Colleague: 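Quick one: this structure, given as structure tokens, is what I'll be asking you about.
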Amino acid sequence: MQEKSERTFYVTTPIYYVNDVPHIGHAYTTVAADILARYKRLEGYQVFFLTGTDEHGQKVEKAAQERGVDPKTHCDEMVKRFQSLWERLNISNNDFIRTTEDRHKKVVQKILQDLYDRGEIYQDEYQGWYCVPCERFWTEKDLTEGKCPDCLRSVSEISEKNYFFRMSKYKAWLIDHIEKNERFILPLSRRNEILGFLRAPLDDLCISRPKRRLSWGIEIPFDRDYVTYVWFDALINYVTGIGYGSEGNSFSGFWSGAVHLIGKDILTTHTVYWPTMLKGIGLDPPQTVFAHGWWTVEGKKMSKSLQNVVEPNRLINTYGVDAVRYFLMREVPFGIDGDFSHSAMIHRINGDLANDLGNLFSRTLSMVLRYFEGLIPSPSHLQEVDRGLQAISERVLSQVSEQMNDLALNKALASIWEVVSAANKYVDETAPWSLAKEEKDRPRLGTVLYHALESVRMIALLLAAFMPSTSEKMWSELGMEKNLWDQNLKVNGKWGGLRPGRKVPKPTPLFPRIDPTKISFE
Ligand code: MSP
């Protein structure tokens, strides 16, 4: 059992509000989760990758009312925007959860009932302030100049009976858990932020909304006059998605290695509400909650009112799926804020993708065509420079594995580019075009081209998780027989997997250069 659970990996994205138009921030987390999932699968892990949509609450109810449709119909239409974007972005999620599904309602109600039966939930009169856009209650002391501390919009005074989860009693336990588990909240700056937050008193959590105010939610099983607070409902998706409370043992196998990827704005819900809720029902906290930074656009906050929301679909139309995936992961260290600009995007595409990677690929394949009629040559006597290239790629293979474990996705890409640069340098230094002039140098020419191509094979393997279509193309053009996705990085990442004698085709450019004066956004 121990052995099995060590080989499982469970990664999640936040479930996105179904009302929103998917933007670059949503794509960012989802692509990052996809890369981790694909990478771990290539490392031989049994992986479960979950994403989905958050469909209850006041905003959805209101939007549906305004359109004159019932909320479920509204959600059914809206959810397609996320689902089709994930398909276009090549997202390999194992499941897509919607909080309006029956399987989820059942789990939420089961958890509520369990907590209620254990005395973890009680009813009380609530007096305070409510922020409709954030769907959150605040006490007087929380407010910033009388406004919601999160979004700085107006709040309304509220007094009503509600149900509360005894979150406060877990405060000491939570602090202890955070302190003892360095990987629970990442990056470390976020861990410190939450430890700071926990220095102030922690209130119990209001988990209900009276139906007369909000009906679009999951009914509280022990009091039909109420629905569940949308965050309490939403967080539970992470256990519903892997079968909590249902037959079979897929839940426990995956839960022990859970990694939640989130944006920095939803840190408190994921590292205070969620672990205490889990503790209440007798489950362990997730292994890691990683909060990434936020994207600005050309230096400005991204917002509907500024009309500068970056829509991934438009980026894909202009630059292609893999270039978008690459840019998002390479441009900004995972965990800190970053800025999107078209000039930065074009710079990355023309530099890293067209010049470095694209040229390496096309020039090595072209030389095999020119000098060996397209048949991959056999290597013979090795020289220092050949061993050097092999050593770099083997070092990078193990380095990337560690960086992926640390969720240092941009560093992993930088490491992979060390192989790309080393391979380009190798070709420059060994100068196959000179070796091709003398018949006596043919064995050496074969060795050099074999090595250059073998580094391309290694790059295709290492990049597969980041740029799936590009790697698939590289892989098949190298004449590799087996499916890329059936490879194991430990086994097939060993130098020398390329088979001499296979035929390579005339390469087509991986990434054409972009002329900034000629791009259009549609
Ligand atoms: N529904 C909740 C999450 C519930 S999870 C149990 C939610 N949804 S959301 O659609 O508003 O936001 C989803 C994610 O988008 C959050 O992780 C948020 O950080 C992220 N982003 C929103 N704007 C962003 C940027 N400008 N940049 C990067 N990520 C951003 O919150």
Side-chain angles (χ1 to χ4, degrees), residues 11-33 50-60 63 75 78-79 81-82 85-86 96-100 104 107-108 111 131 133-136 150-151 190 193 205 207 216-218 228-242 258-275 277-278 286 289-306 308-312 315 327-329 331-341 409:
V11 63
T12 67
T13 71
I15 47 171
Y16 305 109
Y17 288 130
V18 75
N19 262 355
D20 289 352
V21 177
H23 58 57
I24 187 181
H26 304 126
Y28 187 45
T29 333
T30 311
V31 167
L50 182 71
T51 186
T53 39
D54 193 351
E55 305 193 350
H56 289 126
Q58 221 146 352
K59 275 184 281 186
V60 173
C75 292
M78 295 291 147
V79 71
R81 297 189 299 194
F82 284 95
L85 176 61
W86 301 153
F96 186 99
I97 188 161
R98 301 180 53 188
T99 52
T100 47
H104 180 64
V107 175
V108 171
I111 288 177
C131 173
C134 297
E135 303 189 28
R136 278 178 77 168
D150 266 6
C151 71
R190 300 289 167 210
E193 183 182 320
L205 182 66
I207 53 128
W216 186 235
I218 299 178
T228 314
Y229 167 44
V230 70
W231 265 105
F232 191 91
D233 155 358
L235 288 161
I236 290 174
N237 93 84
Y238 298 131
V239 294
T240 309
I242 47 169
V259 173
H260 297 323
L261 300 188
I262 59 164
K264 63 179 183 180
D265 56 318
I266 52 177
L267 187 65
T268 315
T269 49
H270 281 79
T271 58
V272 179
Y273 298 6
W274 183 223
M277 284 163 64
L278 287 162
V289 177
F290 187 100
H292 63 66
W294 267 41
W295 286 89
T296 50
V297 180
E298 316 262 356
K300 297 203 182 73
K301 188 172 181 230
M302 185 169 70
S303 79
K304 276 193 206 134
S305 53
L306 289 176
N308 64 350
V309 174
V310 180
E311 288 178 32
L315 290 184
F327 175 82
L328 291 177
M329 294 304 126
E331 188 67 5
V332 179
F334 201 51
I336 66 165
D337 293 343
D339 188 49
F340 175 85
S341 71
L409 302 179

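Start at 1 and go down the list; that is how both ligands and their atoms are numbered. Predicted model only: the values in this text are computed from it and were never measured.
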Colleague: Can you check whether Tyr238's main-chain N or O pairs, donor with acceptor, with Thr12's side chain at less than 3.5 Å?
Modeller: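 Not confirmed, Thr12 side chain does not pair with Tyr238 backbone.
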Colleague: Could you check, using the six-membered ring where one of them is a Trp, whether Tyr28 and Phe334 have ring centers closer than 6.0 angstrom?
Modeller: yes
Colleague: With distance as the sole test, does Asn19 use its side chain to make a donor-acceptor pair with the main-chain N or O of Lys59 at under 3.5 Å?
Modeller: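 Checked: pair present.
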Colleague: How would you list, by chain and number, every residue that makes a side chain to side chain contact (heavy atoms under 4.5 Å, CB included) with Ala234, sequence neighbours excluded?
Modeller: Ile15, Asp54
Colleague: Enumerate, one pair per line, all nitrogen or oxygen atoms of ligand 1 lying under 3.5 Å from a protein nitrogen or oxygen, stating the separation to 0.1 Å; write 'none' if no such pair exists.
Modeller:
from	atom 1	to	atom 2	distance (Å)
ligand 1	1 (N)	Ile15	O	2.8
ligand 1	1 (N)	Asp54	OD2	2.7
ligand 1	10 (O)	Tyr17	N	3.1
ligand 1	10 (O)	His26	NE2	3.3
ligand 1	17 (O)	Gly263	N	2.9
ligand 1	19 (O)	Asp265	OD1	2.4
ligand 1	19 (O)	Trp294	NE1	3.1
ligand 1	26 (N)	Trp295	O	3.1
ligand 1	27 (N)	Trp295	N	2.9

Colleague: Counting distance only, does the side-chain N/O of Trp216 pair as donor-acceptor with the main-chain N or O of Glu55 below 3.5 Å?
Modeller: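 Between the backbone of Glu55 and the side chain of Trp216 there is a qualifying donor-acceptor contact (under 3.5 Å).
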Colleague: Inspect the contact between Asp20 and Arg81 and indicate whether a charged nitrogen and a carboxylate oxygen are less than 4.0 angstrom apart.
Modeller: no
